[in-house]
Amino acid sequence: MGSEWASTKVLSRSTNFGVPMRLSRYFLPVLRDVPKEAEIVSHRLMLRAGMIRQQASGLYSWLPMGYKVLMKVQKIIEEEQNRSGAIELLMPTIQSADLWRESGRYDAYGKEMLRIEDRHEREFLYGPTNEEMITDIFRTYVKSYKDLPLNLYHIQWKFRDEVRPRFGTMRSREFLMKDAYSFDLDKDRAVAAYERMFVAYLRTYARMGLTAIPMRADTGPIGGDLSHEWIILADTGESQVFCHRDLLDKTIPGQDTDFRGDLKPIFNDWTSLYAATEDMVDHAEFEASVPEDKRVSARGIEVGHIFYFGTKYSEPMKASVTGNDGKETIVHMGSYGIGLTRVVPAIIEASHDENGIIWPVSVAPFEAVLINLKAGDADTDAACDKLYAELTAAGLDMLYDDRDQPAGSKFATADLVGIPYQIILGPRGLKSGEVEIKHRKTGERETLPLANAVERLKGLIEPQRMNDI
RNA sequence: CGGAGUAUAGCGCAGCCUGGUAGCGCACCUGCUUCGGGAGCAGGGGGUCGAGUGUUCGAAUCACUCUACUCCGACCA
């Protein structure tokens, strides 16, 4: 039973299980014209590359190409959350209003919360976040300090009725978020939990090909006194950020990091360099602590936010455990969010050119596309079919452009949707026994013997999967 | 929530001022020719012109009401 579920999950999340991904039979509605509503580059490219379709203001369908990227992002997040010791579960999208009355947020939250009634006129809401519900689960089952620390997370759709949704899925009303919640006996241990998540975040964004910088942040309505926003630099960012240049190329903690050990040195190392958003920046401090040639002032996009908020929810909701002294203690909590549906456009903002998206291999919808330059020609078809089978057998996540289209159209599609490598085979190359590999990122092309193509492509792609950084 | 706009085929647009057979490009279908950077020719299909009410012999076009969507600002993963 367990293995059955596990394999289902894998099937739906990444590989194609040998099923040929022929573009002629796939669902990839690319657009040549830019829909007029799309203002920023990631939104335009996501629409043009057939990744999303808007269904109403702030509500999007994820089409196959987009969904595949979203699931690859999800898989990386899950792997790094799990590595850090967090445990995945799944809570519903709809929550009872009563739960939110306990914390006092039912009245406090305002119109951003979508409130709904069922047929019995009971009050519900579409969850904008899950502190209340996870606290309810925790208090029901966890009674002893021996069960701490505990960090539970889920990846679920949220809804916040934003006044003004915009920028495609960057600021949508319905969005997919990973939210983790830590429970600890006291503040020191809660801070250690915060540091574990901090390191997990460093690794998570790096694996997605993003340089995300943790910046001290305002705790806002969630409350608490320790908080970082994770910001990637992009010209289209919504806020101005200020940081030390060395943060941009610091070494990421490796996979051998001991999450059961003391991570404070790593945390201190990263937070000792100045980094703050415009809401929090102290210009005098920025200039005093960062040498002039190391000062970065740029636009940034928030792709995550972590908080320590103490007993803000555990207190009113009575989430406590019995300590080894026999006394009941209110637990200290933190929450840790990553907006998956925002990360995807953020990656595009950070990585594109005038021809389209440039996906990092680790989140690319396909790692490479085989372009058959003369679909319908018997010899070329046979050679491409064979090569495609070999590439797939080598474990590469391949798309096969077998459409009967002019070459230029295929190149344009491949560039637009941003597949990292194009492997190009036509009658001309076939005659001389050669194929061409185009690197999407650099534009570089290399011609090599057909027989070497699989090994070469594997050699290019495998190190970039970032599975083992 | 304040301000400004837009709504005509899947997408991008013209037509509206001055009321009279609903058009163009891309996409789609058929055929032929092409095939290394978004092909060419020929033929074809697709529309309650956002909704409602009014004015008129006649409304995509004029008037009023409504709805949806977008942009700028304040707010947010």
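Within every chain, numbering begins at 1; the chains are lettered A, B, ... in the order of the sequence lines, protein sequences first and strands thereafter.
Between the side chain of A:S96 and the backbone N or O of A:F124 there is no donor-acceptor pair closer than 3.5 Å.
B:G58: no Watson-Crick or G-U partner with both key distances under 3.5 Å is found in any strand. Partner assigned to B:C64 is B:G52, using Watson-Crick or G-U wobble distances below 3.5 angstrom. With both pairing distances under 3.5 Å, B:C28 is matched to B:G44 as a Watson-Crick or G-U wobble pair. With a 3.5 Å ceiling on both atom-pair distances, the Watson-Crick or G-U wobble partner of B:C13 is B:G23. Of all nucleotides present, none satisfies the Watson-Crick or G-U wobble test against B:G36 with each distance under 3.5 Å. Partner assigned to B:C76 is none, using Watson-Crick or G-U wobble distances below 3.5 angstrom. In this structure B:U70 sits in a base pair with B:A4, meeting the Watson-Crick or G-U test at under 3.5 Å. Across all strands shown, B:U18 has no partner, as no Watson-Crick or G-U wobble contact with both distances under 3.5 Å is found.
Protein atom NZ of A:K158 is 19 Å distant from nucleotide atom P of B:C76, rounded to whole Å. Here B:A77 presents its P atom at 12 Å from CG of A:D179, a figure rounded to the nearest Å. One atom, CD of A:Q55, and another, P of B:C69, lie 12 Å apart when rounded to the nearest Å. Separating the CZ atom of A:F167 from the C1' atom of B:G73 is a distance of 12 Å, rounded to the nearest angstrom.
For B:G2, neither phosphate oxygen OP1 nor OP2 lies less than 4.0 angstrom from any side-chain nitrogen or oxygen of A:R164. Within the 4.0 Å cut-off from OP1 or OP2 of B:A77, not a single side-chain nitrogen or oxygen of A:T129 is found. For A:Q405, no side-chain nitrogen or oxygen approaches OP1 or OP2 of B:U34 to under 4.0 Å. Look at A:K36 and you won't find any side-chain N or O under 4.0 angstrom from OP1 or OP2 of B:U6.
Mapping A:T413 and A:A375 onto RNA chain B by nearest heavy atom places A:A375 closer to the 5' end of the strand. The residue among A:E436 and A:S172 whose nearest nucleotide of RNA chain B is located toward the 5' end is A:E436.
A cation-pi arrangement is not found for A:R173 relative to A:F159, the charged atom failing to lie both closer than 6.0 Å to the ring centre and inside a 45° cone about the ring normal. A cation-pi geometry, defined here as NZ or CZ lying under 6.0 Å from the six-membered ring centre and within 45° of its normal, holds between A:R115 and A:Y106. A cation-pi arrangement is present between A:K68 and A:F366, with the terminal nitrogen or guanidinium carbon under 6.0 Å from the aromatic centre and inside a 45° cone about the axis.
At least one side-chain heavy atom of A:W100 sits less than 4.5 Å from a side-chain heavy atom of A:Y109.
Residue-nucleotide stacking is not present for A:F411 and B:G38, judged by a side-chain ring centre under 5.5 Å from the six-membered base ring centre and planes under 30° apart.
Taking atom C1' in both B:C62 and B:G15, the straight-line distance is 16 Å, to the nearest Å. Distance check on atom C1': B:C29 versus B:U67 gives 35 Å, rounded to whole Å. Using P as the reference atom, B:C66 and B:G19 are 27 Å apart when rounded to the nearest Å. Look at the C1' atom in both B:G20 and B:G31: the space between them is 39 Å, to the nearest Å.
Here A:E78 does not pair with A:K178 in a salt bridge; the nearest charged N to carboxylate O distance is not below 4.0 Å.
Residue contacts for A:D415: at a heavy-atom cut-off of 4.0 Å it reaches a base atom on one of the strands shown.
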